[in-house]
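Note sheet for the following structure.
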Amino acid sequence: METGSGQYTEAVEGEPVWIGLPPGLLRMRRLLLVVWLGLLAAAVGLLLGLLAGTAWAAFALLPLAFMAWGWVMLGRNWRSWRYAERADDLLISRGVLWREETVVPYGRMQLVEVTSGPMERYFGLASVQLHTAAAASDATIPGLVPAEAERLRDRLTELGEARSAGL
């Protein structure tokens with residue numbers, strides 16, 4: 001079941017407690033979509049209006065149609081991202097059409113990074129990047145609140161060290 005804040009929880013005992021991504025990531029991605037496709041629509045409309053006449057300027061509506069479609073798709077994609085901490089591993093689930101669930105055992109983690117680019121910092125977000133022994137199993141959790149990203153990094157590092165000590 002989804003709560004209003006994008007958090008996912010399961011009431012069934014023994015099932016993982018899923019945590020959704022905060023809404024700041026969706027706001028950031030939608031703002032970038034509006035800015036870039038809005039600029040494209042304005043440029044196409046102006047260019048076609050000046051060079052080919054006003055009838056061709058209607059093609060500026062095409063980027064606006066893509067913007068409406070992208071708005072909906074970004075929401076669906078954002079809702080599909082979630083993660084769950086279990087006793088021995090971390091689950092990351094994502095995808096709308098092609099659902100992907102990644103299981104990262106704590107003992108296989110070699111490095112856990114918290115990154116935040118300029119746009120992420122502006123929106124108060126950070127990403128957690130997990131590196132494992134197998135490069136194909138590296139995973140990322142984007143758009144977390146920095147405090148949650150740091151808490152997750154510290155917890156995963158601690159669990160990773162504890163689990164790998166027995167190897």
Side-chain angles (χ1 to χ4, degrees), residues 1-12 15-45 59-86 88-106 108-132 134-157 159:
M1 124 182 56
E2 179 183 350
T3 64
S5 65
Q7 301 285 329
Y8 289 85
T9 59
E10 296 293 331
V12 180
E15 290 292 316
V17 176
W18 291 101
I19 302 170
L21 299 182
L25 179 66
L26 180 60
R27 280 193 300 273
M28 179 186 76
R29 289 180 174 174
R30 282 182 170 168
L31 176 67
L32 290 172
L33 174 78
V34 168
V35 166
W36 289 112
L37 287 180
L39 288 173
L40 180 63
V44 167
F59 279 103
L61 297 177
L62 196 56
L64 297 178
F66 281 122
M67 185 186 309
W69 177 77
W71 187 275
V72 172
M73 292 298 107
L74 284 173
R76 290 183 66 194
N77 180 268
W78 171 76
R79 282 188 299 277
S80 75
W81 276 87
R82 58 190 187 157
Y83 66 97
E85 299 173 60
R86 296 195 304 185
D88 295 321
D89 50 35
L90 177 73
L91 301 176
I92 302 172
S93 180
R94 65 195 169 279
V96 177
L97 292 177
W98 287 272
R99 197 94 176 116
E100 185 176 331
E101 190 166 297
T102 305
V103 180
V104 184
Y106 297 133
R108 302 290 290 167
M109 290 183 199
Q110 293 182 330
L111 176 65
V112 181
E113 292 179 306
V114 174
T115 60
S116 186
M119 286 299 291
E120 287 178 313
R121 282 193 307 275
Y122 180 79
F123 281 89
L125 302 172
S127 296
V128 174
Q129 175 76 38
L130 309 167
H131 300 278
T132 62
S137 64
D138 288 356
T140 301
I141 304 173
L144 297 174
V145 176
E148 171 63 8
E150 291 169 8
R151 182 205 66 81
L152 191 58
R153 177 200 59 208
D154 294 343
R155 176 163 164 71
L156 295 176
T157 302
L159 289 168

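- At a threshold of 4.5 Å between non-hydrogen side-chain atoms, the residues Met67 and Leu40 do not count as touching.
- Of all non-hydrogen atoms in Ile141 and Trp81, the two that sit nearest each other are CA-CZ3, 4.5 Å.
- Contacts of Thr140 classified as side-chain hydrogen bond (donor to acceptor under 3.5 Å, both in side chains), with partners at least two apart in sequence or in another chain: Gln129.
- No side-chain heavy atom of Val104 sits under 4.5 Å from any side-chain heavy atom of Arg108.
- A distance of 13.5 Å separates CG of Leu26 from CZ of Arg76, quoted to the nearest 0.5 Å.
- In this view, Tyr122 satisfies the side chain to side chain contact (heavy atoms under 4.5 Å, CB included) rule with no residue, not counting sequence neighbours.
- Residues Trp78 and Pro23 meet the side-chain proximity criterion, which asks for heavy atoms closer than 4.5 Å.
- How far CZ of Arg79 is from CG of Leu74: 10.5 Å, rounded to the nearest 0.5 Å.
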For residues 142-149, run the donor-acceptor check on the side chains, cut-off 3.5 Å, and write out each pair with its distance to 0.1 Å, sequence neighbours left out.
{"unit_1": "Glu148", "atom_1": "OE1", "unit_2": "Arg151", "atom_2": "NE", "d": "2.9"}
{"unit_1": "Glu148", "atom_1": "OE2", "unit_2": "Tyr83", "atom_2": "OH", "d": "2.5"}
{"unit_1": "Glu148", "atom_1": "OE2", "unit_2": "Arg151", "atom_2": "NH2", "d": "2.9"}

Side-chain donor-acceptor pairs under 3.5 Å in residues 90-100, sequence neighbours left out?
{"unit_1": "Ser93", "atom_1": "OG", "unit_2": "Arg99", "atom_2": "NH2", "d": "3.1"}
{"unit_1": "Arg94", "atom_1": "NH1", "unit_2": "Thr102", "atom_2": "OG1", "d": "3.4"}
{"unit_1": "Arg94", "atom_1": "NH2", "unit_2": "Glu100", "atom_2": "OE2", "d": "2.6"}
{"unit_1": "Arg94", "atom_1": "NH2", "unit_2": "Thr102", "atom_2": "OG1", "d": "3.4"}
{"unit_1": "Arg99", "atom_1": "NH1", "unit_2": "Ser80", "atom_2": "O", "d": "3.3"}
{"unit_1": "Arg99", "atom_1": "NH1", "unit_2": "Gly95", "atom_2": "O", "d": "2.7"}

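- Atom CE of Met28 and atom CE of Met119 lie 6.5 Å apart (nearest 0.5 Å).
- Contacts of Trp71 classified as side chain to side chain contact (heavy atoms under 4.5 Å, CB included), with partners at least two apart in sequence or in another chain: Arg30, Leu33, Val34.
- Counting all heavy atoms, side chain and backbone alike, Glu120 lies closest to Thr115 at OE1-O, 3.9 Å.
- Open room surrounds CZ on Phe66; 12 or fewer heavy atoms of other groups in view lie less than 6.0 Å from it.
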(message) For Arg86 and Val103: C-alpha separation, side-chain torsions, deciding distance, then whether side-chain contact (heavy atoms from CB on, under 4.5 Å) applies.
(response) CA-CA 10 Å; Arg86 296 195 304 185; Val103 180; 4.3 Å; yes
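- Distance check: Glu85 CD to Tyr106 OH gives 5.0 Å after rounding to the nearest 0.5 Å.
- Within the 3.5 Å criterion, the main-chain N or O of Val112 finds no donor-acceptor partner in the side chain of Arg153.
- Under the salt bridge (Lys or Arg N to Asp or Glu O under 4.0 Å) criterion, Arg27 pairs with no residue, sequence neighbours left out.
- Here CG of Leu111 is found 9.0 Å from CG of Leu130. Values are rounded to the nearest 0.5 Å.
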